[in-house]
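Remarks on the structure that follows.
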Amino acid sequence: MSKLVSFVIPVYNEEESLLALYAALIGVAKKFKEDSEFILINDGSQDRTAEMLQELREKDPRIKYINLSRNFGHQAAITAGMDLCRGDAVIIMDADLQDPPEVVLEMLDRWREGYQVVHAKRTQRKGESIFKKMTAHLFYRLLDVMTPVKIPLDSGDFRLVDRAPLNAFLKLREHDRFVRGMFAWGGFRSTEVEFERDERRAGETKYSFSKMMNLGLSAILSFSDTPLRIIVQLGALMSIFSFFYAGFIFVKAVFFDVYQSGWPTIVTLILFLSGIQLAVIGVVGLYIGRIHQETKGRPLYLVNEAVGFDHTDQPQRAFVATWKD
Ligand code: UDP
Ligand code: MG
């Protein structure tokens, strides 16, 4: 039997990209011998995305789609798609064609050679603001020094994953999701292919600044305890410093008979220390907030409708309100 390749594509207000995306998908699917299914996850879009998905499904049964009950974010959306897909390999890509579909052919070649995870590394990013390029560049390097797991530099979530690492990944149900890091953590036989990231075909980025910040924070907090280590070191340094400073004042007073009322020093120290303390409590709070979120054990996303999936033997990973054919 022919193998099945699942495309997992999150869509959030992508009415302008959907038709071009579909055309590109069937174009590329013709060029490899495996069967394909296209799983589109509607992440709570407010535009015509949902209707268009329905129309596409009526035209082509390889299209399957999931309507989440609200916007759960890109990382949760791709997890939903991976949960429900059936492929022997899954390909995660964006809906806006910034991840060029031809790269998929190269990924499939690597997969047939025996690689289990093939991620795509961006050599260039076209049509993105200097600000986004710079923050992304810095972020990947910062993350690299902070995490013990080697997370590939300059790679987004565009990748091919074989069924074995995929099943392993599906066991990881943490809420604080940084999917590319989770795959890196998983190991398996991995390789990369290079590509130039195209401009977004239509519409605007759906990754707002706050969504980017949250993703960055999730990455750091869930893969690194460096911030906690830094504050421990900071605290230790400051107490050593204050110990010497006290000695210095003591020696000055006893042996040289010099002592001043010292208001400015005290005020400065209080401000400095209380600032540091607030920052330290804040960092600890961030980690505790994550623990709080994890302990509730809520599902990562809720599915309102799953259309086109065989639901007779679905593993009970997701809450699905309705299954439709
Ligand atoms: N996306 C999503 N939910 C969100 C934000 C984005 O499903 O809350 C999808 C979006 O439709 C696209 C992919 O995630 O398919 C990447 O988003 P985008 O292209 O806006 O990010 P960028 O390429 O600008 O980083
Ligand atoms: Mg994009």
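Counting starts at 1 for both ligands and their atoms, following the listed order.
- When His74, Gln98, Arg200 are checked for heavy-atom proximity to atom 18 (P) of ligand 1, Arg200 turns out nearest.
- Seen from the ring of Phe139, Arg141 does not count as a face-on cation partner, given the 6.0 Å and 45° thresholds.
- Heavy-atom contacts of Lys211 reach the following atoms of ligand 1: 4 (C), 8 (O) (cutoff under 4.0 Å).
- Ligand 1 has no nitrogen or oxygen under 3.5 angstrom from a nitrogen or oxygen of Ala77.
- Distances from atom 11 (O) of ligand 1 to the heavy atoms of Glu199, Glu14, Lys206 put Glu14 nearest.
- For ligand 1, the polar-atom distance check against Glu204 finds no nitrogen or oxygen pair separated by under 3.5 Å.
- Each of the atoms 3 (N), 8 (O) of ligand 1 lies under 4.0 Å from some heavy atom of Gly73.
- Proximity of the aromatic rings of Tyr207 and His74 is defined here by a centroid distance below 6.0 angstrom, and this criterion is met.
- The Mg ion (ligand 2) has Gln98 among its coordinating residues (N/O/S atom, backbone or side chain, under 2.8 Å).
- Looking at Pro10 next to ligand 1, an N or O pair under 3.5 Å apart turns up.
- Side chains of Gln46 and Asn71: a donor-acceptor N/O pair is absent below 3.5 angstrom, by distance only.
- Glu37 and Ser6 share a side-chain donor-acceptor pair at under 3.5 Å.
- Near Asn71, meaning under 4.0 Å from any of its heavy atoms, are these atoms of ligand 1: 3 (N), 4 (C), 8 (O).
- Near Arg197, meaning under 4.0 Å from any of its heavy atoms, are these atoms of ligand 1: 22 (P), 23 (O).
- Heavy-atom proximity to Lys132, at under 4.0 Å, picks out these atoms of ligand 1: 22 (P), 24 (O), 25 (O).
- Between the side chains of Asp176 and Ser218, at least one donor-acceptor pair of N or O atoms lies under 3.5 Å.
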